[in-house]
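Below you'll find the structure, written out as structure tokens, and then a few comments.
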Amino acid sequence: MRPFEDYNPFVHLVYFVSCSAIVMFFLQPVTVVLSLLGALSLFFVRRRLAEGRSHLYSLALFLVMALLNPLFNHNGATVLLLINHNPITLEAVVYGIFAAAMLLAVLYWFRTFSQIMSSDKLLYLFGGVSPKLALILSMALRYVPLFAKQAKRVNDTQRAMGLYREENLIDNTRAGARVFSVMVTWGLENGIVTADSMSARGYGIGKRTQYTLYRFYRTDVLLLCTTLLLLSIVVVGGALGALDMQWYPTLRLPRTDALALVTYVAYALLSFLPTILEIGERARWNCLQSRI
Amino acid sequence: MELLTVKDLSFQYPDAIAPAVSDVSFSVARGEFVALCGATGSGKSTLLRLLKRELSPRGERQGEIAFDGVPIDALDDRTAASGIGFVMQHPEQQIVTDKVWHELAFGLENLGVERGIIHRRVAEMASYFGIESWFDRSVSELSGGQKQLLNLASVMVMQPRLLLLDEPTAQLDPIAASNFINTLKKLNRELSLTIVIIEHRLEEIIPRCDRLLVLDGGRLIDADAPRAIAARLPADARLMRAMPTAVRLFRALHPHPDTAACCPLDEREGREFIESTYDNAIRSLPEVSAAASERAPVALEIDQAFFRYERTAPDVLRGLSLTVYQGESVCILGGNGSGKTTTLGLLCGLRHPYSGRVSVLGKPIKQYRGQSLYRGCVALLPQDVQTVFLCNTVREELKGTEQAQASLPYSLEHLYDRHPYDLSGGEQQLVALAKVLATEPEILLLDEPTKGLDAYAKLRMIDVIRALQSKGMTVVTVTHDVEFAAACADRCAMFFRGEITSIAPPRAFFSENSFYTTAASRITRGHFDGAVTVEDAVALCLQNKLREGAL
Amino acid sequence: MMVIKSARLRTVLRWLIPFVLIPTAVIVGLLVLEQRQHLLVTLAVVLLSLLLFLCSFEKRAVGVRRQVIIAVMVALSVAGRFIPFFKPVTALTVITGAYLGGESGFLVGALAAVISNFYFGQGPWTPFQMLAWGLIGLFAGLLSQPLRRSRAAIIVYGVISGIVYSAVMDVWTVLSYDSGFTWSLYGAALLTALPHTALYAVSNFIFLWLCARPFGEKLERVKKKYGV
């Protein structure tokens with residue numbers, strides 16, 4: 001059992017896309033709750049309570065989104081109250097809450113995804129589609145910190161030469177533009193040397209190979225197959241109507257027959273798969289350590 | 001067995017009046033370590049680039065270049081790309097990808113080498129160069145020396161038979177430069193790698209290379225073993241200034257070119273030569289009274305300053321105190337990360353200590369409002385002088401500075417129509433200095449002013465600083481270059497971990513240091529006292545008698 | 001394709017069909033049809049269009065130097081985001097499109113979206129941003145003649161494309177929120193985003209006003225000097 005983060009990036013891509021696509025496609029209370037819990041548990045298992053304030057923003061976003069729907073959407077049969085002659089309905093309120101929860105779930109899935117998907121991994125995936133583009137991306141990624149550093153240097157030098165004047169926004173904006181402009185010159189000149197260095201090492205003489213640090217280990221294949229299996233169960237279940245849901249004009253509760261239950265269990269497993277892996281891996285380490 | 005043969009090679013750039021390279025013929029044997037030297041503009045970079053087909057400049061070329069018996073134009077793409085490796089001057093600009101491992105694999109990917117083989121070769125190369133511990137890092141986290149080593153490794157991974165290097169150590173600090181040259185020597189000795197290198201700093205290269213090619217005005221004027229060239233080079237030749245201290249010392253005492261003489265090349269040989277040739281009845285030169293400046297008013301003062309870049313980061317400056325008097329030239333020396341550049345930032349108000357005081361011309365720096373600090377008060381010439389330029393021509397760059405320029409000890413008019421980026425390193429330095437001096441500052445701060453300069457430009461820089469100082473300007477210089485500090489400082493300060501460990505006039509400073517000191521001091525140590533420059537050593541030698549039996 | 005004589009028109013169509021006609025048809029169709037799962041369908045179409053473009057780029061021979069210049073422009077537009085007041089992605093994409101052609105413009109826009117999301121977070125919105133910014137660059141390339149000729153034109157184009165960009169991204173916001181598409185919700189989204197959009201338009205205006213000419217000249221210089 002390896003930490004979830006160390007699996008092959010392709011497995012990550014398939015996993016996160018499956019999880020978020022299901023909840024976006026089959027928007028219904030059970031999937032939304034499962035997905036949200038899965039996403040949150042993964043996030044907190046990995047990060048504990050780091051980035052505390054960002055969760056408050058997420059909560060605020062959730063509240064705004066949940067409120068927006070009943071204000072703009074007046075479908076539904078059960079009228080709770082009237083605002084400006086517009087009915088606020090129970091159905092719209094409930095839908096708003098679940099739609100906002102779905103967004104929150106997707107947000108958290110992709111937050112973890114962004115943390116895991118380092119540039120190396122993205123390039124590995126991109127390289128499969130277009131090696132040339134992957135290389136351009138890699139170059140750009142190398143340039144960003146380089147340019148930022150150089151821009152800071154130019155800025156310092158120019159400041160010490162009196163380019164900026166305090167309390168004069170227009171002049172300072174103009175000065176900023178000049179610094180950025182000289183960065184363009186510098187970047188382009190710099191790039192030409194890089195291009196030389198690429199040609200000197202034989203870039204463009206023939207078909208390239210892609211060297212990557214990532215392999216498919218047995219465990220990768222296992223996790224990928226599990227993900228795909230669970231995904232297909234949910235999709236088949238959904239196609240057979242197990243996840244059908246009626247929001248308007250009146251709410252009808254999600255199905256609870258055998259097919260629906262199997263589908264829910266499959267999606268629950270899918271949602272909590274990485275959390276289970278993380279916890280299992282930690283337990284194993286604790287166990288190993290206590291034996292030493 | 002000749003690996004590289006160049007016959008009657010001439011080259012002229014489009015729009016140029018004279019050829020950049022004319023009638024050059026030479027050959028390099030397998031396993032040879034050859035240094036190509038000459039002043040800026042002697043055509044050495046052009047010649048080196050002509051040897052690498054992919055980097056060959058556009059223009060008119062005549063003559064033959066053959067690699068392993070095959071004309072380079074007839075080589076197939078793979079051999080041309082992998083057989084001849086090329087490392088350039090700037091460590092940053094040659095790197096293509098964002099990760100160390102990817103950069104190492106880049107060349108092999110281009111050749112279409114199979115993944116398994118790339119894996120093996122990259123692993124092997126990383127282990128040989130000691131890159132393993134930073135294999136996974138982003139290149140932006142590496143130091144300059146590490147970057148250049150990475151550039152070398154990612155060329156070597158393609159298993160070239162000939163390695164061309166264009167001033168690879170010019171942008172490195174002395175320790176990283178010495179490491180780099182040692183790695184080259186190791187490759188040459190262990191793998192019989194053939195090397196052709198251009199270097200300004202011959203101090204490190206001359207004792208290690210097999211042959212020296214001397215270019216002047218596009219012509220090959222001499223080619224021989226370094227010892228022979230050192231002995232027969234005219235004593236006033238431009239190249240002489242770039243020679244190692246031992247050579248300059250020897251030739252100052254034996255000014256007539258003499259092929260038979262056994263010229264010392266490194267410090268050990270220099271010491272043997274001095275000790276076996278000269279008596280030491282007079283051990284030191286008379287003291288010069290340097291205390292006059294102490295009585296001048298204070299120009300800059302840092303009082304127990306503490307500084308860090310972030311709250312959680314370690315201190316860069318730990319209780320630093322430094323006083324600089326008006327009209328004085330102070331050189332700050334020390335290793336990387338010892339807080340030298342940060343100190344300059346403090347002195348020109350770019351950084352502020354979280355504890356401690358900084359004052360300029362007797363007034364706390366915080367009391368300078370708006371731009372008043374930068375008007376006629378303090379000016380900074382940064383390490384990377386390209387950051388000074390904002391315009392497309394030197395003329396626009398220097399617009400409105402005519403008055404300040406008139407008082408400069410040099411003229412720039414011949415450069416007016418060029419793009420600042422197209423100038424040589426030394427010229428860029430002078431243009432940037434002119435622009436910085438336009439505010440007519442009383443205090444000039446210089447950050448590594450000799451980085452990347454050839455010996456001639458460096459001497460000119462020393463003259464310029466001396467001239468400015470004679471007009472009453474206070475100069476504070478941060479440098480790695482001990483020879484430079486010995487030549488143009490009134491006082492030298494040694495930085496270590498954000499504080500000053502010693503500060504003294506150069507003669508006392510360098511003769512008390514045992515490792516961090518000038519080559520002349522290392523050569524004469526124990527034999528003479530307080531000889532820190534070649535001039536000092538020569539003067540002492542001439543005052544003493546020749547030993548019996550010596551030449 | 002053989003019937004159309006003008007090579008220029010052919011190129012225009014080659015771009016127009018996958019990037020504009022298909023997505024428009026799909027979006028309009030979805031709106032009219034009032035079906036569910038618009039988001040995923042749109043996402044799929046966006047991804048396909050991107051894929052189509054990337055594959056065609058992969059097959060074409062593009063000079064080393066042009067590739068490096070694209071990388072430089074991408075990096076500049078991302079690094080520029082850290083300068084206060086400056087959001088140069090749109091402006092740089094427009095300039096690249098106008099001076100180096102639609103393909104380069106598209107790539108700069110699309111890749112800048114990917115890379116800036118390394119700092120601001122990847123998500124299902126990444127392909128939307130890629131396509132939106134890419135198209136801004138692409139059209140700038142198609143309109144390169146007038147854009148290069150007058151500063152006013154390039155400023156107007158930049159400001160409008162900035163606004164359109166925000167509007168397109170709001171479609172994504174609405175789609176992702178509600179599986180259907182409601183105009184009232186879209187209106188609300190546009191309204192809440194208004195200060196941001198306005199700031200963005202102003203920043204684009206200032207940036208292009210100050211930089212369009214000099215940056216274009218720089219690109220021209222490099223093109224000439226190094227034969228890109």
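Naming convention: chains lettered A, B, ... in sequence-line order (proteins, then strands); numbering from 1 in each chain.
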Side chain, backbone, both or neither: which part of [X] has a non-hydrogen atom closer than 4.5 Å to chain A?
{"X": "C/Val114", "answer": "side chain"}
{"X": "C/Ile115", "answer": "side chain"}
{"X": "C/Val72", "answer": "both"}

C/Tyr119/A/Val144 under side-chain contact (heavy atoms from CB on, under 4.5 Å): CA gap, chis, key distance, verdict: CA-CA 11 Å; C/Tyr119 302 91; A/Val144 171; 3.3 Å; yes
Nearest heavy atoms of [X] and [Y], plus distance in Å:
{"X": "A/Val106", "Y": "C/Pro124", "result": "CG1-CG, 3.8 Å"}
{"X": "C/Met130", "Y": "A/Phe126", "result": "CE-CZ, 4.4 Å"}
{"X": "C/Val68", "Y": "A/Met198", "result": "CG2-SD, 3.6 Å"}
{"X": "C/Ala71", "Y": "A/Ala140", "result": "O-CB, 3.7 Å"}

Heavy-atom pairs under 4.5 Å with chain C: which of [options] has the most?
{"options": "A/Leu135, A/Asn190, A/Thr185", "value": "A/Thr185"}
{"options": "A/Ser130, A/Ser114, A/Ala195, A/Ser199", "value": "A/Ser130"}
{"options": "A/Ser138, A/Pro131, A/Gly191", "value": "A/Pro131"}

Value rounded to 0.5 Å, distance of [atom1] in [X] from [atom2] in [Y]:
{"X": "A/Leu133", "Y": "C/Ile70", "atom1": "CG", "atom2": "CD1", "value": "8.5 Å"}
{"X": "A/Ser118", "Y": "C/Phe118", "atom1": "OG", "atom2": "CZ", "value": "7.5 Å"}
{"X": "A/Trp186", "Y": "C/Leu76", "atom1": "CH2", "atom2": "CG", "value": "9.5 Å"}

Please identify which of these residues, A/Ile192, A/Leu188, A/Thr194, meets the side-chain contact (heavy atoms from CB on, under 4.5 Å) condition with C/Arg65.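 When A/Ile192, A/Leu188, A/Thr194 are each tested with C/Arg65, the side-chain contact (heavy atoms from CB on, under 4.5 Å) holds only for A/Ile192.
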Please answer whether the main-chain N or O of A/Ser181 pairs with a side-chain N or O of C/Lys218 as donor and acceptor at a distance below 3.5 Å.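 The answer is yes, because a donor-acceptor pair under 3.5 Å joins these two groups.
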Classify the ring geometry of C/Phe207 against A/Phe180: parallel below 30°, tilted from 30° to 60°, perpendicular beyond 60°.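 Rings of C/Phe207 and A/Phe180: perpendicular, over 60°.
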Residue A/Leu71 versus chain C: region with a heavy atom under 4.5 Å: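 Contact with chain C is absent: no heavy atom of A/Leu71 under 4.5 Å.
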Chain C heavy atoms under 4.5 Å from A/Leu107: which part of the residue, side chain, backbone, both or neither?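 Interface part for A/Leu107: side chain.
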Salt bridge C/Arg221-A/Glu189, side-chain N to carboxylate O under 4.0 Å: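 Here C/Arg221 pairs with A/Glu189 in a salt bridge, since their nearest N and O are under 4.0 Å apart.
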Take atom CZ of A/Phe10 as the centre, draw a 6.0 Å sphere, and report whether it contains more than 12 heavy atoms from other residues, nucleotides or ligands.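 No, CZ of A/Phe10 has 12 or fewer neighbouring heavy atoms, counting only those of other groups under 6.0 Å.
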